[in-house]
Amino acid sequence: VCHPALCNDNLSGVVVAAFLGRALAARQRRYTYRLLFIPGTIGSITWLALNEARVARIRHGLVLTCLGDAGRPTYKRSRRGNTEIDQAACHVLGSRDGGHEVLDFTPWGYDERQFCSPGFDLPVGSLMRTPHGRFPQYHTSADDLDFVRPEALEDSLEICTAILEVLEHNHTYLNQSPKGEPQLGRRGLYPTTGGRAQGKDELALLWVLNLSDGRHTLLDIAETSRLPMDAVRRAADALVSCDLLREVAPGG
């Protein structure tokens, strides 16, 4: 809420966060969530100072800004560059049509640079459309309601929801029959006759079985196999129902 009179920068992020919070409140959740509406820089520094004893519990974070213009979605990585939020955001954007951009972290921009300062180094990235300074309306009175597109706000909200959906379901499993492939046909998971092309769901079963070693998450498997996260999730659910997978803590 640094200068909310400007519609794309910052009001679009405020609006998307508000709608996202309403959606989260209406569903079952694996994680708890904190939605911060704060002025830039001084707000995040103050919040971090007041919550320093608890910030180690933060698993993922997103700074939302410039989400209402007609540009393609852009994600800026956290300082670490390879956190789960980075992986989830890049996976979601990479699975969509229409193009996107991924930026490496720089200590310039919005409050991600405070959350990612070396004393905290939190897993916080930033989601936007056209980055700040790249559109002529930036920091001018032309950043008004005529510049913001309702369809861009809706699309940005869908991207945020998809990223959180990935994180909510990114479990880690252990194959309970790891010495060779288990017989899937008699469990109703695989055709009993050969000689036909494999569909995504069938291939997902094999990938999930092969990489469920207690170290790879479902998102890791989706990225390695280049299969949709939904197909990997369905495969995992089916294998759990047949007692072929057991959920474990990541790395455990």
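Quick caveat, the model's predicted, so the values are computed rather than measured. Values below: every heavy atom of this structure, side chains too, minus hydrogens, waters and symmetry copies. Numbers for residues simply follow the sequence, beginning at 1.
Linking ILVMFWY side-chain heavy atoms closer than 4.5 Å, directly or via other members, places Leu103 and Trp108 in two distinct hydrophobic clusters. Leu145 and Val14 sit in two unconnected hydrophobic clusters of ILVMFWY residues. Membership requires side-chain heavy atoms under 4.5 Å apart, directly or through other members. A single hydrophobic cluster is seen to contain both Leu164 and Phe37, as judged by linkage of ILVMFWY side chains at heavy-atom distances under 4.5 Å, directly or through other members. In the hydrophobic clustering of this structure, Leu64 groups with Leu35; members are Ile, Leu, Val, Met, Phe, Trp, Tyr whose side-chain heavy atoms approach within less than 4.5 Å, directly or through other members. Grouping the Ile, Leu, Val, Met, Phe, Trp and Tyr side chains by contacts below 4.5 angstrom, directly or via other members, places Val232 with Leu205.
Side-chain contact check for Leu174 versus Ser212: every heavy-atom pair is 4.5 Å or farther apart. Taking the side chain as every heavy atom from C-beta outward, Thr65 and Asp9 approach each other to under 4.5 Å. Side-chain contact between Val124 and Leu62 is absent, with no heavy atoms from C-beta onward closer than 4.5 Å. Contact check for Val15 versus Val148: no side-chain heavy atoms found under the 4.5 Å cut-off. Side-chain atoms of Val63 and Leu127, non-hydrogen and from C-beta on, never get closer than 4.5 Å to each other. Side-chain contact check for Ser126 versus Phe105: every heavy-atom pair is 4.5 Å or farther apart. Put simply, the side chain of Tyr110 does not reach to within 4.5 Å of the side chain of Met128, judged on heavy atoms. In this structure, Leu218 and Met229 have side chains that are in contact, with non-hydrogen atoms separated by less than 4.5 Å.
Checked for salt-bridge contact, Arg234 and Asp201 meet the test: a charged N lies under 4.0 Å from a carboxylate O.
Between Tyr138 and His132, the two ring planes are tilted [angle within 30° to 60°].
Here salt bridge (Lys or Arg N to Asp or Glu O under 4.0 Å) pairs that include residues 32-47, with residues two or more places apart or in two chains, number zero. Sequence neighbours left out, not one pair with a member in residues 72-98 passes ring pair (Phe, Tyr, Trp, His ring centres under 6.0 Å). Counting only residues at least two apart or in different chains, ring pair (Phe, Tyr, Trp, His ring centres under 6.0 Å) contacts with residues 211-249 are absent.
Tested against Gln87 for a side chain to side chain contact (heavy atoms under 4.5 Å, CB included), the candidates Val166, Leu167, Asp220 yield a single pass: Asp220.
The distance from the CZ atom of Arg233 to the CG atom of Leu219 is 11.5 Å, given to the nearest 0.5 Å. Here the CD1 atom belonging to Ile85 is positioned 5.5 Å from the CD1 atom belonging to Ile163, to the nearest 0.5 angstrom. The OG atom of Ser95 sits 9.0 Å away from atom CG of Asp230, with the distance rounded to the nearest 0.5 Å. To the nearest 0.5 Å, atoms CG (Leu122) and NE2 (His60) are separated by 12.5 Å. The distance from the CZ atom of Phe135 to the OG1 atom of Thr140 is 8.5 Å, given to the nearest 0.5 Å. Note: Lys76 NZ to Cys116 SG = 8.0 Å, rounded to the nearest 0.5 Å.
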Could you walk me through whether Asp69 and Asn8 satisfy the side-chain hydrogen bond (donor to acceptor under 3.5 Å, both in side chains) test, starting with their C-alpha distance in whole Å, then the side-chain angles of each, then the deciding distance to 0.1 Å, before giving a yes or no?
CA-CA 7 Å; Asp69 66 87; Asn8 195 39; 3.1 Å; yes
Check step by step if salt bridge (charged side-chain N to carboxylate O under 4.0 Å, His left out) holds for Glu168 and Arg29.
CA-CA 7 Å; Glu168 284 280 334; Arg29 300 177 304 278; over 6 Å; no
Evaluate the criterion side chain to side chain contact (heavy atoms under 4.5 Å, CB included) for residue pair Val208 and Tyr173; output intermediate values, then yes/no.
CA-CA 9 Å; Val208 171; Tyr173 293 95; 5.7 Å; no
So Leu11 and Leu6, side chain to side chain contact (heavy atoms under 4.5 Å, CB included) or not? Walk me through it.
CA-CA 6 Å; Leu11 191 58; Leu6 302 184; over 6 Å; no
Run the numbers on Val1 and Asn10 for side chain to side chain contact (heavy atoms under 4.5 Å, CB included), then give the verdict.
CA-CA 6 Å; Val1 294; Asn10 303 116; over 6 Å; no
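Legend: residues meeting salt bridge (charged side-chain N to carboxylate O under 4.0 Å, His left out) with Arg72, ordered by chain and number and at least two apart, are Glu101. Residues forming a salt bridge (charged side-chain N to carboxylate O under 4.0 Å, His left out) with Glu84 (at least two apart in sequence, or on another chain): Arg59. Residues meeting the side-chain hydrogen bond (donor to acceptor under 3.5 Å, both in side chains) test with Asp121, sequence neighbours left out: Arg79. With sequence neighbours left out, the salt bridge (charged side-chain N to carboxylate O under 4.0 Å, His left out) criterion links Glu181 to no other residue. The salt bridge (charged side-chain N to carboxylate O under 4.0 Å, His left out) test applied to Arg27 returns Glu165, not counting sequence neighbours. For the side-chain hydrogen bond (donor to acceptor under 3.5 Å, both in side chains) test, residues two or more places apart in sequence or in another chain that qualify with Asn51 are Arg54.
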Sequence neighbours left out, cut at 3.5 Å: what donor-acceptor pairs do the side chains of residues 150-159 make with other protein atoms?
{"residue": "Asp155", "atom": "OD1", "partner": "Arg96", "partner atom": "NH1", "Å": "3.2"}
{"residue": "Asp155", "atom": "OD1", "partner": "Arg96", "partner atom": "NH2", "Å": "2.8"}
{"residue": "Asp155", "atom": "OD2", "partner": "Arg96", "partner atom": "NH2", "Å": "2.8"}
{"residue": "Asp155", "atom": "OD2", "partner": "Arg129", "partner atom": "NH1", "Å": "3.1"}
{"residue": "Asp155", "atom": "OD2", "partner": "Arg129", "partner atom": "NH2", "Å": "3.2"}
{"residue": "Ser156", "atom": "OG", "partner": "Leu67", "partner atom": "O", "Å": "2.8"}
{"residue": "Ser156", "atom": "OG", "partner": "Arg129", "partner atom": "NH1", "Å": "3.1"}
{"residue": "Ser156", "atom": "OG", "partner": "Ala152", "partner atom": "O", "Å": "2.9"}

Please tabulate, one pair per line, all N/O donor-acceptor pairs under 3.5 Å involving side-chain atoms of residues 39-49, not counting sequence neighbours.
{"residue": "Thr41", "atom": "OG1", "partner": "Arg113", "partner atom": "NH2", "Å": "3.4"}
{"residue": "Ser44", "atom": "OG", "partner": "Thr41", "partner atom": "O", "Å": "3.1"}
{"residue": "Ser44", "atom": "OG", "partner": "Asp111", "partner atom": "OD1", "Å": "3.0"}
{"residue": "Thr46", "atom": "OG1", "partner": "Ile42", "partner atom": "O", "Å": "2.7"}

Determine all donor-acceptor pairs shorter than 3.5 Å in which one atom belongs to a side chain in residues 236-249; sequence neighbours excluded.
{"residue": "Ser241", "atom": "OG", "partner": "Ala238", "partner atom": "O", "Å": "2.6"}
{"residue": "Glu247", "atom": "OE2", "partner": "His171", "partner atom": "ND1", "Å": "2.9"}

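Shown here for Ala204 and Ala231, the closest heavy-atom pair between the two residues is CB-O, 3.7 Å. Contact detail for Arg187 and Pro182: the closest heavy-atom pair is NH1-CB, 3.9 Å. Across all non-hydrogen atoms, the minimal contact from Asn175 to Pro178 is OD1-N, 3.6 Å. The minimum heavy-atom distance between Ala142 and Phe147, with the atom names listed, is O-CB, 3.8 Å. Contact detail for Val55 and Phe120: the closest heavy-atom pair is CG2-CD2, 3.8 Å.
The number of heavy atoms from other shown groups lying within 6.0 Å of CZ (Arg149) does not exceed 12.
The backbone N or O of Ser78 sits less than 3.5 Å from a side-chain atom of Asp86, completing a donor-acceptor pair.
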